[in-house]
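For clarity, every value in this text was computed on a predicted model and none was experimentally measured. Numbers here are sequence positions counted from 1.
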Amino acid sequence: MAVGSLVLGIIACALCIIPIPYGTLIGIVASIVGIILGAKGRKAGMGGKATAGMVLSIIALALNAFFFIVCTACVACTAATAGGIAGL
């Protein structure tokens, strides 16, 4: 569980940087699963790797959520400025 948490944390951190479609959403899901696996790993006594996986997953969750919100706002502003959304 600890290694899985660590791997998911690394993957989620990479997904917030790599511009692929739906990368931030996949990163959010991966980081939530990483947090859960890290918590289970810490309860099972796998301290170091589980803690590192939880820390990476929490950082990745914050970054992915931030980039998702920023990208959504950017697309909405671009669409509103271009006249793509009626009524704005």
Spacing of CD1 belonging to I26 relative to CD1 belonging to I20, to within rounding of 0.5 Å: 5.0 Å
Side-chain heavy atoms under 4.5 angstrom apart, residues restricted to Ile, Leu, Val, Met, Phe, Trp, Tyr: same cluster for I18 and I11? yes
Spacing of C74 atom SG and F67 atom CZ [to the nearest 0.5 Å]: 12.5 Å
What heavy-atom pair brings A60 and G9 nearest, and what distance separates the two atoms? CB-O, 4.2 Å
Is the closest side-chain heavy-atom distance between L56 and C13 below 4.5 Å? yes
Enter the distance from C16:SG to F66:CZ here, rounded to the nearest 0.5 Å. 11.0 Å
If you look at every heavy atom in A50 and G41, which pair is closest and at what distance? CB-C, 3.8 Å
Within-4.5 Å side-chain heavy-atom neighbours: I32 and I36: yes
Distance, nearest 0.5 Å, that separates CD1 of I58 from CG of L61: 8.0 Å
Would you compute the distance between atom CD1 of I28 and atom CG of L63 and round it to the nearest 0.5 angstrom? 10.5 Å
Please give me the minimum heavy-atom distance between I35 and M54, naming the atom from each residue. O-CG, 4.0 Å
CG on L15 to CG on L8, rounded to 0.5 Å: 10.0 Å
Under 3.5 Å, side chain of N64 to main-chain N/O of L25, donor-acceptor pair present? no
Check whether any side-chain N or O of S5 sits under 3.5 Å from a backbone N or O of M1 as a donor-acceptor pair, and report yes or no. no
